[in-house]
Amino acid sequence: MHGRFIALEGGEGAGKSTQAKLLVDALEARGLKVQLTREPGGTPGAEAIRKLLLDPPGEGWGPQAEALLFAAARADHVARRIRPALERGEWVISDRFVDSSRAYQGSAGALGDTAITTLHEIGSGGLRPDLTILLQADDEQVAARLAARDGDNSDAIGSRNSAYHRAVAHAFRRYAEEDPKGFAVIDAGGDPETVHARIMDTLAPILEG
Ligand code: TMP
């Protein structure tokens, strides 16, 4: 038996973490065994790399080193946590996955999609989620959620300028358009329960299948 792998993606403050938790609760209530995880992170090694990425020592990472660190964290996460869980027949819900590297390092950071997908192939055998849920929020919602989440204490990547984050949002939309079967685009507007209901509707075919 093989489990299901669902990734939640989107820009900063779209409500991914809240939705990941609500989704795990709903799946567990159906009797499924579910792992809630996140990127960068999800294993002790990848969580250590997360700290290096979000609060970098010294002058910070260049674009290439940053992309390699994300790929290294993901390789450990996939090998030690995601693949074993899927092989046990469990569901894995990840708050971000490789499309964040494509959008942030590849597109907004200008490394290009080929470099990121090549790193993913080397690091993680090119593993793709069964479904990537893209949470799309408008600018006002994002600003309000970010203010409530961490005030002005944004991390090294979250604090990049608005042009960078616009490029990230644009890239996510493009990936979803290019792969309509692999993505579900969900309107992140409204209260968390409303957004959660949209996600459960989208997952119905996978849950019944
Ligand atoms: P988050 O836990 O708030 O989502 O923070 C993770 C930050 O790292 C966020 O700014 C997005 C960024 N990120 C990348 O730039 N590339 C990646 O591959 C991943 C997983 C996250």
Side-chain angles (χ1 to χ4, degrees), residues 5-21 23-24 36-43 45-56 60-82 92-124 126-129 132-137 141-172 174-175 188:
F5 177 23
I6 311 290
L8 283 136
E9 295 280 15
E12 318 288 315
K16 287 181 300 302
S17 306
T18 305
Q19 290 306 321
K21 288 191 195 92
L23 177 56
V24 169
L36 172 60
T37 188
R38 67 171 180 181
E39 290 210 341
T43 61
E47 290 289 337
I49 296 174
R50 178 186 178 91
K51 287 199 190 73
L52 291 172
L53 279 161
L54 300 187
D55 186 12
W61 307 106
Q64 290 78 8
E66 180 179 292
L68 285 160
L69 284 167
F70 275 111
R74 184 163 300 121
D76 193 61
H77 189 208
V78 167
R80 298 223 159 99
R81 182 141 183 218
I82 298 178
V92 176
I93 309 302
S94 188
D95 182 347
R96 297 191 183 278
F97 193 60
V98 67
D99 292 322
S100 279
S101 280
R102 294 174 69 205
Y104 285 79
Q105 284 68 49
S107 190
L111 241 73
D113 208 43
T114 305
I116 302 301
T117 51
T118 302
L119 287 180
H120 187 52
E121 194 59 48
I122 295 167
S124 304
L127 179 72
R128 290 287 314 172
T132 298
I133 293 172
L134 175 58
L135 282 177
Q136 282 210 124
Q141 286 164 10
V142 171
R145 281 188 181 145
L146 283 178
R149 188 178 78 172
D150 54 8
D152 291 325
N153 299 323
S154 205
D155 61 60
I157 295 172
S159 62
R160 286 177 187 164
N161 67 25
S162 58
Y164 184 91
H165 291 291
R166 270 199 306 278
V168 166
H170 184 259
F172 276 129
R174 201 173 69 244
Y175 306 149

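Counting starts at 1 for both ligands and their atoms, following the listed order.
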Subject >> Main-chain N/O of L68 paired to W61 side chain as donor or acceptor, under 3.5 Å >> reply: no

Subject >> Closest candidate by heavy atom, reference atom 6 (C) of ligand 1, pool G11, P40, G10, A156 >> reply: P40

Original post:
Near S100, which atoms of ligand 1 are under 4.0 Å from a heavy atom of that residue?
Top reply: 16 (N), 17 (C), 18 (O), 19 (C), 20 (C)

**OP:** Kindly confirm or rule out an N or O of R96 lying under 3.5 angstrom from an N or O of ligand 1.
**Re:** yes

Subject >> Enumerated ligand 1 atoms positioned under 4.0 Å from heavy atoms of G158 >> reply: 10 (O)

Subject >> Pair E47 + R81: basic N to acidic O under 4.0 Å >> reply: no

Original post:
Would L54 count as a contact of ligand 1 if the rule is a heavy atom under 4.0 Å away?
Top reply: yes

Subject >> Considering all heavy atoms, the nearest L127-F97 contact >> reply: O-CE2, 3.3 Å

Original post:
Is R80 atom CZ crowded by more than 12 heavy atoms from other residues, nucleotides or ligands, each under 6.0 Å away?
Top reply: no

Original post:
So do S94 and T37 actually touch side chain to side chain, heavy atoms under 4.5 Å?
Top reply: yes

**OP:** Determine whether any heavy atom of R38 lies closer than 4.0 Å to an atom of ligand 1.
**Re:** no

Original post:
So, Y104 versus F70, ring centres under 6.0 angstrom or not?
Top reply: no

**OP:** May I ask you to list the atoms of ligand 1 that are less than 4.0 angstrom from any heavy atom of E12?
**Re:** 9 (C), 10 (O), 11 (C)

Original post:
So do S100 and E39 actually touch side chain to side chain, heavy atoms under 4.5 Å?
Top reply: no

Subject >> Winner among R102, E39, H77 once heavy atoms are compared against atom 20 (C) of ligand 1 >> reply: E39

**OP:** Check each atom of ligand 1 against the heavy atoms of I157 and keep those under 4.0 Å away; list them by number with element.
**Re:** 10 (O), 12 (C), 15 (O)

**OP:** Would you check whether K16 has a nitrogen or oxygen atom less than 3.5 angstrom from a nitrogen or oxygen atom of ligand 1?
**Re:** no

Subject >> For S159 against S154, the heavy-atom pair lying closest together >> reply: N-OG, 3.5 Å

Original post:
Would you call R50 a ligand 1 contact, heavy-atom distance under 4.0 Å?
Top reply: yes

Original post:
Any N or O on Y104 sitting closer than 3.5 Å to an N or O of ligand 1?
Top reply: no

